[in-house]
Amino acid sequence: MTISNKKTTALPATVSHCFSSGRKQLMSAVALTASLALANPAYANYLWLEKDGAGEAAGNRFRVYSGELAKRDAAMPQIEMPKAFPADASSSLPLTTAGDHLQIDRAPAAGDLRFSAREITGKNTVVFYQARYGRSETKAVNDLELVPTEAGGNTFRLMWKGNAVAASQVNVETSEGWRRVLAPAKDGTVTLGTPFPGLYVLEVTAKVNGSVTIDGKEYTDVRHVATLSFEVAR
């Protein structure tokens with residue numbers, strides 16, 4: 001299976017963010033930031049990680065859900081190449097399908113957890129999903145990832161393939177039904193208050209101004225959807 005990227009000129013944003021990329025990643029962080037553009041603030045479908053609700057009996061078990069936190073999909077979409085992995089990305093963790101979600105039974109006790117997958121949603125569209133649970137680490141592992149500026153903190157920076165970029169907006173949902181759209185500060189970070197206990201899910205969607213080739217077929221509508229989820233203790 002082969003995947004390649006083709007660099008193109010800038011196009012108007014049609015989702016939360018817009019930026020250019022290519023295989024060689026020649027652009028600086030400044031250029032990447034300049035190519036982001038504000039778009040509609042609508043909430044999009046995404047994948048996210050959360051701890052199993054069975055408590056201690058579940059051990060360190062996690063679930064991957066799809067849809068929106070307030071309205072989960074009845075079944076997982078037809079995603080490809082699902083992978084759950086620890087921070088060092090040295091190995092993947094076993095995944096099983098369990099009803100409306102994927103289950104990760106043996107997640108590491110320490111560090112943050114990641115998940116990635118892709119979905120071909122049309123003749124010309126491919127979506128790359130990248131989820132993270134936890135805010136104990138201050139480095140990015142996924143291509144597109146929200147990273148806390150300090151361990152356990154409430155200020156986050158958006159990272160694209162190792163470069164810091166300014167998020168035009170970040171959508172927030174909580175298990176208590178609280179929703180917000182965060183706008184960036186002058187330095188490009190977003191800060192979130194956590195007034196309610198429960199699960200918080202931060203989501204950002206980006207469209208790449210380029211194309212990707214998968215198994216010989218070129219897709220020109222390439223999107224990345226990233227989430228960061230964490231629990232605030234009761």
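Keep in mind the model is a prediction, meaning the values are calculated, not measured.
Evaluation of the side chain to side chain contact (heavy atoms under 4.5 Å, CB included) rule for Thr125 yields Thr121, Val127, Asp221, Arg223 as partners, not counting sequence neighbours. Scored by the side chain to side chain contact (heavy atoms under 4.5 Å, CB included) test, Ser175 finds Leu199 as partners (sequence neighbours excluded). Residues passing the side chain to side chain contact (heavy atoms under 4.5 Å, CB included) test with Ala98 are His101, Gln103, sequence neighbours excluded. A search for side chain to side chain contact (heavy atoms under 4.5 Å, CB included) contacts involving Ser91 returns nothing, not counting sequence neighbours. Considering only residues two or more places apart in sequence or on other chains, Glu50 meets the side chain to side chain donor-acceptor pair (under 3.5 Å) condition with Trp48, Arg72.
From Asp215, atom CG reaches atom CD of Glu80 across 8.0 Å, with rounding to the nearest 0.5 Å. Note that CD of Glu119 and CG of Asn45 are 9.0 Å apart. Values are rounded to the nearest 0.5 Å. Here the OH atom belonging to Tyr200 is positioned 12.5 Å from the CD atom belonging to Glu173, to the nearest 0.5 angstrom. Distance check: Asp52 CG to Phe62 CZ gives 9.5 Å after rounding to the nearest 0.5 Å. Once rounded to the nearest 0.5 Å, the distance linking CD of Gln130 with OG of Ser116 reads 7.0 Å.
With hydrogens and angles ignored, the 3.5 Å screen pairs no side-chain donor or acceptor of Lys217 with any backbone N or O of Asn124. With Asp100 contributing its side chain and Ala75 its backbone, the two residues share no donor-acceptor pair below 3.5 Å.
Val141 and Leu202 end up in different hydrophobic clusters when Ile, Leu, Val, Met, Phe, Trp and Tyr side chains are linked at under 4.5 Å. Hydrophobic clustering, with ILVMFWY side chains joined whenever heavy atoms are under 4.5 angstrom apart, groups Met76 together with Leu69. Taking hydrophobic clusters as Ile, Leu, Val, Met, Phe, Trp and Tyr residues chained together by side-chain heavy-atom distances below 4.5 Å, Phe85 does not share a cluster with Met81.
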Test side-chain contact (heavy atoms from CB on, under 4.5 Å) applied to Val126 and Val212, step by step: CA-CA 8 Å; Val126 60; Val212 61; 3.5 Å; yes
Would you sort out whether Arg114 and Glu145 count as a salt bridge (charged side-chain N to carboxylate O under 4.0 Å, His left out), showing the intermediate values? CA-CA 10 Å; Arg114 270 82 171 182; Glu145 188 169 300; 2.8 Å; yes
Could you please spell out the steps behind the side-chain contact (heavy atoms from CB on, under 4.5 Å) verdict for Leu158 and Val204? CA-CA 9 Å; Leu158 183 64; Val204 61; 3.8 Å; yes
Full working for side-chain contact (heavy atoms from CB on, under 4.5 Å) between Asp143 and Met159: CA-CA 7 Å; Asp143 282 351; Met159 303 295 292; over 6 Å; no
Val147 vs Lys139, test: side-chain contact (heavy atoms from CB on, under 4.5 Å). Steps then yes/no. CA-CA 6 Å; Val147 179; Lys139 71 171 185 175; 5.6 Å; no
Worked verdict on Glu218 versus Ser211 for side chain to side chain donor-acceptor pair (under 3.5 Å): CA-CA 7 Å; Glu218 183 180 29; Ser211 65; 2.9 Å; yes
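Side chains of Trp178 and Pro195 form a contact here, defined as non-hydrogen atoms less than 4.5 Å apart. Taking the side chain as every heavy atom from C-beta outward, Leu113 and Leu93 approach each other to under 4.5 Å. In this structure the side chain of Leu192 reaches within 4.5 angstrom of the side chain of Phe156, judged on heavy atoms. When side chains are defined from C-beta on, Ile79 counts as touching Leu102, because their heavy atoms get closer than 4.5 Å. Taking 4.5 Å as the limit, every side-chain heavy atom of Arg106 sits out of range of all side-chain heavy atoms of Ile104. Side-chain contact between Leu144 and Phe128: absent, with no pair of heavy atoms (C-beta onward) separated by less than 4.5 Å. Within the 4.5 Å cutoff, the side chain of Val165 has no heavy atoms near those of the Arg157 side chain. Put simply, the side chain of Tyr219 does not reach to within 4.5 Å of the side chain of Lys123, judged on heavy atoms.
Taking each heavy atom of Thr138 and Pro148 in turn, the nearest pair found is CG2-O, 3.5 Å. Residues Ser66 and Pro77 approach most closely at OG-CD, 3.3 Å, considering heavy atoms. Across all non-hydrogen atoms, the minimal contact from Arg179 to Ala70 is NH2-CB, 4.4 Å. Looking at every heavy atom in both residues, Pro197 comes nearest to Ala233 through CB-O, 3.6 Å. The two residues Pro82 and Ala117 have their closest heavy-atom pair at CA-CB, 4.0 Å. Minimum interatomic distance between Ser168 and Pro184 (heavy atoms only, all atoms of both residues): O-CD, 3.4 Å.
Checking Thr155 against Thr191 by side-chain atom types alone, a donor-acceptor pair falls below 3.5 Å. No side-chain donor from either of Glu68 and Tyr46 sits under 3.5 Å from a side-chain acceptor of the other. A side-chain N or O of Glu203 and one of Thr205 form a donor-acceptor pair less than 3.5 Å apart. Side chain to side chain, Arg135 and Asn154 meet the donor-acceptor criterion of an N or O pair below 3.5 Å.
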Show me the side-chain donor-acceptor pairs of residues 225-232 shorter than 3.5 Å, one per line, residues at least two apart or across chains.
from   : atom 1 : to     : atom 2 : distance (Å)
Thr227 : OG1    : Leu47  : O      : 2.8
Ser229 : OG     : Leu49  : O      : 2.5
Ser229 : OG     : Arg132 : O      : 3.3

